[in-house]
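What follows is a single structure, written as structure tokens, with notes after it.
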Amino acid sequence: MKLNVGVAVLVVTIFAILIDGYSCKVVQFIFGDSLSDVGNNKYLSKSLAQASLPWYGIDFGNGLPNGRFSNGRTVADIIGDNMGLPRPPAFLDPSLTEDMILENGVNYASGGGGILNETGGLFIQRFSLSKQIELFIGTQTLIKSKIGKEAADKYFQGARYVVALGSNDFINNYLMPVYSDSWNYNDQSFIDYLMETLKAQLQLLHALGARQLMVFGLGPMGCIPLQRVLSTSGDCVDRTNKLALSFNKAGSKLMDDLNAKLPNASYRFGDAYDVVNNVISNPSKYGFSNSDSPCCSFGRIRPALTCVPASVLCKDRSKYVFWDEYHPSDSANQLIATELIKKFGFTRVDQSNAPSSAPAIAPSPDQE
């Protein structure tokens, strides 16, 4: 009898230690679009926003497509690595378990997603921010069942949260006449609509335990290759860039307002516009040779909306700011992340692990 009691006490003690370990583990929960997607859209079989074919992922791991809309890492990958945070797996990864969530967090980002539910409708399937938060609520239910409400609350309140959406709300909604938002709003009223929606979403995340959260602003959207090629001059589209600046100004004010209102909230706005704009405006200063066209394209046939096996790659992927018509290359993401780390003073949460190094550049296929 004494032996059985001793075993029971030992089991309870070990379980308590495990729960305490999970509650002390710092992980990330990422909400975003294709700039942060690490594979969710790969499992959305009807989605037209895909990075599941070569040459996506050519400079990441084994060089095969992994769901990231780049040749390598995302900005979130790189910043997380430098902070000593584990890389959160895609929510739709079929191998995802409660233990994996407790060890690594979750990435809910979805290519084509936006702050607004109607954004990206032409892609058929994608997770809007509201849907991503709904999935996060389901994750919380799983974890509470696993370790109990008290430990789960401590775990989620100690996590880091990233919200990085907004570009699709313009590029794949407001600026496209096929969407009703393009004629129901003007520039200012549309940004007001976005901020009202985002405010409610962030307040919900706070109610769910998010205490340390960063909302990333928009870069110069008018300078992505797709916008340039659709303009008559090939230059950056000024109106699109002004919308990004207005979004960032409103987003920064929203964070100030929420910090003043929400208890124990540390909500920050990561305005990366100047960082990205400097790289695009002065590519040679940062080691790039091209900042206006994609590395992966159909040569002279533009726009090439996605990168596919029939695409032609540039000779040196490290010299191109943009990987495809929409998304930065691994080299550009590295530079952007490094500048953001310096600008916002991101510090490591675990001093025992060194940041992951950049991926080795895989041998190039036939290139022109």
Side-chain angles (χ1 to χ4, degrees), residues 32-36 69-79 114-115 162-172 174-175 187-188 190-191 194-195 214-255 268-295 302-303 314 317-346:
D33 53 26
S34 58
L35 293 174
S36 307
F69 287 75
S70 180
N71 60 312
R73 302 159 297 169
T74 68
V75 169
D77 284 333
I78 300 164
I79 291 177
I115 294 168
V162 174
V163 176
L165 302 94
S167 60
N168 283 316
D169 293 292
F170 295 98
I171 302 298
N172 290 302
Y174 179 63
L175 294 174
D187 290 1
Q188 186 56 54
F190 184 68
I191 288 173
L194 285 174
M195 290 301 120
M214 174 161 278
V215 173
F216 279 101
L218 305 181
M221 304 181 298
C223 294
I224 66 173
L226 177 68
Q227 287 281 296
R228 285 180 184 265
V229 78
L230 294 178
S231 72
T232 55
S233 64
D235 295 329
C236 296
V237 179
D238 187 56
R239 181 196 175 198
T240 308
N241 283 345
K242 286 181 178 178
L243 285 169
L245 289 168
S246 297
F247 176 93
N248 291 348
K249 182 178 180 181
S252 180
K253 182 180 184 302
L254 175 60
M255 293 307 103
R268 304 176 68 188
F269 188 78
D271 189 344
Y273 188 98
D274 289 343
V275 172
V276 180
N277 192 53
N278 287 341
V279 177
I280 292 173
S281 302
N282 304 287
S284 60
K285 178 181 176 181
Y286 298 93
F288 295 96
S289 61
N290 186 300
S291 64
D292 60 12
S293 56
C295 173
R302 301 278 309 281
C314 59
R317 298 187 289 278
S318 69
K319 299 296 184 183
Y320 273 63
V321 172
F322 290 98
W323 167 245
D324 62 14
E325 298 282 6
Y326 295 90
H327 307 101
S329 65
D330 179 87
S331 295
N333 282 338
Q334 173 70 68
L335 190 147
I336 293 166
T338 300
E339 292 299 314
L340 289 175
I341 290 166
K342 290 191 291 187
K343 181 175 181 179
F344 300 114
F346 294 129

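Note that the numbering runs from 1 along the sequence shown for the chain.
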Decide yes or no for Q227 and I171: does some side-chain heavy atom of the first lie under 4.5 Å from some side-chain heavy atom of the second? yes
First locate atom CG of D77, then atom CG of D330, and finally report the distance between them rounded to the nearest 0.5 Å. 9.0 Å
Below 4.5 Å, heavy atoms only, C-beta onward: do Y273 and N241 meet side chain to side chain? yes
F190 vs Y174 aromatic rings, parallel, tilted or perpendicular, using cut-offs 30° and 60°? parallel
Smallest separation among heavy atoms of L218 and G166, with atom names: CD2-C, 3.8 Å
Do the non-hydrogen side-chain atoms of F216 and I79 ever get within less than 4.5 Å of each other? yes
Rounded distance (nearest 0.5 Å) linking atom OG of S329 with atom CZ of R73: 10.0 Å
Can you see which heavy atom on D169 is nearest to which on I115, and at what distance? OD2-N, 2.8 Å
Please check: side-chain N/O of N248 versus main-chain N/O of A250, any donor-acceptor pairing under 3.5 Å? no
Would you say D187 and R239 make side-chain contact, with heavy atoms under 4.5 Å? yes
Sidechain N-carboxylate O distance under 4.0 Å for D271, K343: no
Where V321 and S291 come nearest, the two heavy atoms and their spacing: CG2-CB, 3.7 Å
Could you please spell out the steps behind the side chain to side chain contact (heavy atoms under 4.5 Å, CB included) verdict for I280 and F322? CA-CA 9 Å; I280 292 173; F322 290 98; 3.8 Å; yes
Establish, from distance only, whether the side-chain atoms of T338 and Q334 form a donor-acceptor pair under 3.5 Å. yes
What is the minimum heavy-atom distance between W323 and R317, and which atoms define it? CZ3-CD, 3.6 Å
F170 and F247 aromatic ring geometry - parallel, tilted or perpendicular at 30°/60° bounds: perpendicular
Pairwise distance OG(S284) to CG(N290) - rounded to 0.5 angstrom: 12.0 Å
Would one find more than 12 heavy atoms of other residues, nucleotides or ligands at under 6.0 Å from atom NZ of K242? no
How many angstroms lie between atom OG of S167 and atom CG of D33, to the nearest 0.5 angstrom? 4.5 Å
So do L175 and L243 actually touch side chain to side chain, heavy atoms under 4.5 Å? yes
Shortest non-hydrogen contact between Y320 and S293, atoms and distance: CD2-O, 3.5 Å
With a 4.5 Å cut-off on side-chain heavy atoms, are T74 and F69 touching? no
Can you name the nearest heavy-atom pair linking K319 to G287, along with the distance? CD-O, 3.2 Å
Is any side-chain heavy atom of N333 closer than 4.5 Å to one of S70? yes
Using the side-chain contact (heavy atoms from CB on, under 4.5 Å) definition, which of the options L335, V162, L340 pairs with V75? L340
Close side-chain approach of E325 to I224, heavy-atom, < 4.5 Å: no
Counting distance only, does the side-chain N/O of S231 pair as donor-acceptor with the main-chain N or O of R228 below 3.5 Å? yes
